[in-house]
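As the structure is a computational prediction, the values presented were derived from the model and not from experiment.
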Amino acid sequence: MERNTGKVTDLFIIGGGINGCGIARDASGRGLSVTLAEMNDLASATSSASTKLFHGGLRYLEYFEFRLVREALIERETLLRAMPHISWPMRFVLPYHKDMRFDSETPTSRLLSTVMPWMRGRRPAWLIRLGLFLYDNLGGRKILPGTSSLDLRSAPEGGPLQDKFHTAYEYSDCWIEDSRLVVLNARDAEARGANILVRTEVLAAKRVDDLWEITMRDKQSGETHVVQAKMLINAGGPWVGDIIQTKIHINSREGVRLVRGSHIVTPKLYDHDKCYFFQGEDGRIIFAIPYERDFTLIGTTDQDHPDPAEPPTCTEAEQDYLCAFASKYFQKPVTRDDIVWTYSGVRPLYDDGASSATAATRDYTLKVDAQGGAPVLNVFGGKITTYRRLAESAMGKVAEHFPDLPGPWTAGVSLPGGDFPVDGVQDLVGALLVDYVFLDRVWAERLVRAYGTEAKTILGNAKSASDLGEDFGATLTARELAWLMDKEYARTAEDVVWRRNKMGLRLSVDQIARIQGWMDQYQTPAAATA
């Protein structure tokens, strides 16, 4: 059955990753009517498979990407203020040794080899320190502390490392719960009037009388809908090129380079709360990051991934690579037997003709096509740290077709649950422990880190754990599960335990099946009144 709503929306956005949801939020806040369609769950592809960092990209300095790094460095603190529940400062320890090497294709490496040929391929300590000086000062830090030096022979951060590492530099970046970032942007967009459609596939879009006519299908009901929009935004991530070719059928010279980034998760490899930044003899870098209290996250790789239809997986070769890389630093070797989970994502980078996946630009490119009538904006590339600035830049393109559009507004405006000070997490945790005596600290901290000030709304008037309904394990209750379905677009157990949180690391197959069974029986208020 095909149904035409008869309404014309200002913007129709294809893609429910961070770029699509970020644009939807910005546009809705400026008074535009917005419909967003995501063919699967929000953040089900690239935006839930990042290394989960708000960072400037220290290594991008070697590619002279100064604008991108400066923008990202400024954004770290802007974003931190808006979402202190799902983002927090983290210190990064960069051990140094004389065998560190550049990727030989970086502009810095080529320049150094020309003016100092005896340093060919080497990454000297003074150059790292210069890079960290730029990193400290390009973005106008106000919250995050600057770089310092560590003597690994006496500092606790040296304990897990091999004895050959004597010196390290320590600098600041931020952690981010990536898939929750996407969901909270979608929620804020919806609160400002946007229509967020999950599990809704765009089948085709065509220009009709200066409008876009979009045909989409609800993947759960099978029902087909047709809507009209004044402007189309293609934020399809890995599928941006496929959408151009097979859905909207426009000619575009722009291309996307798909690069797979894979990660492994192991039981906790060390006891402190800092991240390690490891540099390889091949010029690559990886991170080892404290993860979900009891684990360590190691990544990432850079491999070309030609087909977006092929789900990305962390191959055995990538697992071996990451284990071997980390083992060159840690005293205790990391092996594939240590791996408890892997994940991979595909970065849809703008194809700038770089010689390798590592060298391909992480900057974003926005292209408008209005030659056939109604305009379409295609979004290429980008990184999670600069998603808000990408959205503002996208709105600059949109404003050319919507006169008198208000200006930027999102800087520093809290996402849902983030309306508290950057250093206020423990105060919120303490308040929950007072008001809900049945919580323990681990449970309270998890709720605050996921929901911020909305944790109290979820708990409501509960006097005991039993008031929260069925206990599915790992502190997940029916009350919270209903919130995730009612407010956060979750429809399957996978949405819950691998994107809204990472309880899949702690729950058994049977427990996850029980979650799915409960969700199958539960009707959201929206579904019940449809």
Side-chain angles (χ1 to χ4, degrees), residues 48-55 80 83-93 156-157 159-160 172-181 183-184 263-277 286-300 322 326 330 332 334 338-343 417-418 422-433 436 438-452 454-455 458-459 465 468 471-477 480-481 484 493 496-508 511-512 515:
S48 60
S50 75
T51 311
K52 308 182 195 309
L53 300 175
F54 277 153
H55 66 128
L80 185 59
M83 54 196 80
H85 49 332
I86 62 169
S87 180
W88 53 89
M90 185 174 282
R91 293 292 277 173
F92 288 69
V93 177
E157 293 83 358
S172 292
D173 267 322
C174 296
W175 175 263
I176 178 61
E177 298 285 1
D178 53 4
S179 48
R180 291 208 58 73
L181 174 66
V183 169
L184 295 183
H263 303 76
I264 60 175
V265 175
T266 71
K268 187 165 62 172
L269 297 176
Y270 52 89
D271 290 329
H272 60 77
D273 61 356
K274 297 178 182 178
C275 167
Y276 288 106
F277 179 120
I286 64 169
F287 296 103
I289 311 173
Y291 189 58
E292 293 292 317
R293 201 174 71 249
D294 298 318
F295 303 92
T296 299
L297 170 65
I298 299 174
T300 178
L322 292 171
F330 287 120
K332 182 182 177 183
V334 181
D338 296 317
I339 298 173
V340 298
W341 183 49
T342 69
Y343 68 90
V422 169
D423 60 356
V425 166
Q426 290 308 316
D427 288 343
L428 284 183
V429 171
L432 283 190
L433 290 172
Y436 301 94
F438 56 88
L439 297 177
D440 61 24
R441 181 163 290 275
V442 170
W443 191 354
E445 286 183 349
R446 183 186 71 78
L447 291 174
V448 169
R449 280 302 185 193
Y451 306 108
E454 292 187 321
I458 295 171
L459 294 169
L468 301 177
D471 177 4
F472 296 99
T475 71
L476 179 66
T477 64
E480 184 177 351
L481 202 48
L484 294 174
V496 172
V497 305
W498 291 118
R499 283 183 287 277
R500 304 308 181 276
N501 55 61
K502 292 297 181 289
M503 289 182 185
L505 289 167
R506 306 180 189 279
L507 296 172
S508 69
Q511 287 172 313
I512 294 173
I515 293 170

CG on Leu476 to CZ on Arg500, rounded to 0.5 Å: 12.5 Å
Donor-acceptor pair, side chain of Ser179 and main chain of Arg499, under 3.5 angstrom: yes
Under 3.5 Å donor-acceptor, Arg446 side chain and Asn501 backbone: no
Distance, nearest 0.5 Å, that separates CG of Leu439 from OG1 of Thr475: 9.0 Å
Aromatic ring proximity, centroids under 6.0 angstrom, Phe92 and Tyr276: no
Verdict with supporting geometry, Glu480 and Leu468, side-chain contact (heavy atoms from CB on, under 4.5 Å): CA-CA 8 Å; Glu480 184 177 351; Leu468 301 177; over 6 Å; no
Aromatic ring pairing Tyr343/His263, orientation class (parallel under 30°, perpendicular over 60°, tilted between): parallel
Atom pair CE/CG of Met83 and Leu181 - distance to nearest 0.5 Å: 5.0 Å
side-chain contact (heavy atoms from CB on, under 4.5 Å) partner of Glu445, chosen from Leu428, Val429, Leu432, Val425: Val429
Worked check of side-chain contact (heavy atoms from CB on, under 4.5 Å) between Val497 and Ile512: CA-CA 8 Å; Val497 305; Ile512 294 173; 4.2 Å; yes
Criterion side-chain contact (heavy atoms from CB on, under 4.5 Å) on Lys332 and Tyr270, from CA distance to verdict: CA-CA 10 Å; Lys332 182 182 177 183; Tyr270 52 89; over 6 Å; no
Nearest heavy-atom neighbours spanning Cys275 and Phe287: SG-CD2, 3.8 Å
Rounded distance [0.5 Å steps], CG in Leu447 versus OG1 in Thr477: 8.0 Å
Phe472 and Met503, any side-chain heavy atoms less than 4.5 Å apart: no
Side chains of Met90 and Lys274 in contact at under 4.5 Å (non-hydrogen atoms): no
Atom of Trp175, atom of Thr51 and distance for their closest heavy-atom approach: CZ3-O, 4.1 Å
Test item: Trp341 and Leu505 side chains (from C-beta on) under 4.5 Å apart, heavy atoms: yes
Minimum heavy-atom distance between Ile286 and Ala326, given as atom pair plus value: CD1-N, 4.0 Å
Check: Tyr291 and Lys502 side chains under 4.5 Å, non-hydrogen atoms: yes
Nearest non-hydrogen partners of Arg506 and Ala474, listed with the distance: CB-CB, 4.2 Å
CD on Glu454 to NE2 on His85, rounded to 0.5 Å: 7.0 Å
Heavy-atom closest contact (Asp178 atom, Ser48 atom, distance): OD2-C, 3.4 Å
Side-chain heavy atoms of Val442 within contact of Arg293, under 4.5 Å: yes
N/O donor-acceptor pair under 3.5 Å between Thr296 side chain and Leu269 backbone: yes
Main-chain N/O of Ile86 paired with Arg449 side-chain donor or acceptor, under 3.5 Å: no
Shortest non-hydrogen contact from Ile298 toward Leu322: O-CD1, 4.0 Å
Nearest-0.5 Å distance, CD1 of residue Ile264 to OG1 of residue Thr342: 9.0 Å
